Amino acid sequence: MVLLRQLLGDVLRRLRVRQSRTLREVSTLARVSLGYLSEVERGQKEASSELLASICGALGVPLSQVLREVSDQFALAELQHAPVLADVPERERLPIAETVPSGPEFDGFPEVKDMVAA
């Protein structure tokens with residue numbers, strides 16, 4: 001089972017390394033101990049929303065971008081483990097195809113488009 005804190009740590013580490021930043025540099029800017037930041041990156045500690053915002057600020061990336069990337073990674077992990085659903089009785093499965101519209105006739109979620117346009 002994939003843990004959210006592990007995916008979050010992977011994304012944060014990847015962003016930091018991509019910027020060629022050290023743990024020490026980011027921990028200083030985020031005002032968090034180097035050891036704690038290391039544990040967050042390794043998926044050993046759950047980061048609070050305040051801590052995540054501080055780390056994202058130190059990395060110069062919006063929290064929404066980090067959460068979007070984590071969400072994408074989580075979705076991929078769920079797809080890779082899809083055969084596990086075969087063990088779940090049909091009556092206990094969520095009707096995914098019915099709850100998530102798709103196809104050429106689906107024009108997105110208007111309320112989300114309204115929020116983006118605002």
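Given the structure is predicted, the values throughout are model-derived calculations rather than measurements.
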Rounded to the nearest 0.5 Å, how far does [atom2] of [Y] lie from [atom1] of [X]?
X	Y	atom1	atom2	value
E46	L52	CD	CG	9.5 Å
K45	L51	NZ	CG	12.0 Å
L3	F74	CG	CZ	8.0 Å

Student check: side-chain heavy atoms of [X] and [Y] closer than 4.5 Å:
X	Y	answer
Q19	V61	yes
D10	Q73	no
R42	Q6	no
L29	I55	no
L7	E69	no
R14	V17	no
R16	E41	yes
Q65	L15	yes

Please name the residue in the list V26, V40, L37 that meets the side-chain contact (heavy atoms from CB on, under 4.5 Å) test with L12.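 Of the listed residues V26, V40, L37, the side-chain contact (heavy atoms from CB on, under 4.5 Å) partner of L12 is V40.
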Looking only at atom types and distance, does a side-chain atom of S27 sit under 3.5 Å from a main-chain N or O of L23, one as donor and one as acceptor?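 Yes; judged by distance alone, with no hydrogens or angles, the pair exists.
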State whether a side-chain donor-acceptor pair under 3.5 Å links R24 with T28.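 Short answer, no.
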Determine, using the 4.5 Å side-chain heavy-atom cutoff (strictly less than), whether L4 and L76 are members of one ILVMFWY cluster.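 They do not share one cluster, since no chain of ILVMFWY contacts under 4.5 Å joins L4 to L76.
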Which atom of S54 lies closest to which atom of R31, heavy atoms considered: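 Nearest pair, atom of S54 first, then R31: OG-N, 4.5 Å.
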Which heavy-atom pair separates A58 from A30 by the least distance, and what is that distance?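 That would be CB-N, 3.7 Å.
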